[in-house]
Amino acid sequence: MPEHTPGYVAALAAQLRGAEDELQELRGFKTAVTNFLRNPAIALDIRQNLARDLNLQNLAQALNLPQPAPEKTP
């Protein structure tokens with residue numbers, strides 16, 4: 001186990017801050033996509049296709065968007 005020197009702790013803190021920043025960015029993306037999908041001013045087919053393309057089945061169900069048919073195997 002590495003020693004807990006000030007440099008080591010500072011490096012871990014910097015990594016943690018970077019991870020927190022990335023998480024915040026992803027949360028912002030999720031909010032933007034959710035707002036887009038819930039916007040009735042945008043054509044329903046566009047919202048349906050985006051939800052399907054992003055594999056957002058739960059959100060698609062919440063928005064009462066039709067689910068894609070399961071793929072048939074030969």
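Heavy atoms only: backbone and side chains are in, while hydrogens, waters and symmetry mates are out.
One finds the OG1 atom of Thr31 at 10.5 Å from the CG atom of Leu26 (value rounded to the nearest 0.5 Å). Rounded to the nearest 0.5 angstrom, Leu50 CG and Asp45 CG are separated by 11.5 Å. Separation of atoms CG (Asn39) and CD1 (Ile46) is listed at 10.5 Å; rounding is to 0.5 Å. Atom CZ of residue Phe29 and atom CG of residue Leu54 lie 6.0 Å apart, to the nearest 0.5 angstrom.
Sequence neighbours left out, not one pair with a member in residues 26-36 passes salt bridge (Lys or Arg N to Asp or Glu O under 4.0 Å).
With a 4.5 Å cut-off on side-chain heavy atoms, Thr34 and Leu56 do not count as touching. Within the 4.5 Å cutoff, the side chain of Glu20 has heavy atoms near those of the Arg17 side chain. Contact annotation: the side chain of Glu25 never approaches that of Asp21 to less than 4.5 Å [non-hydrogen atoms, C-beta and beyond].
Remark: side-chain polar atoms of Arg47 are paired, donor with acceptor, to backbone N or O of Ile42 under 3.5 angstrom.
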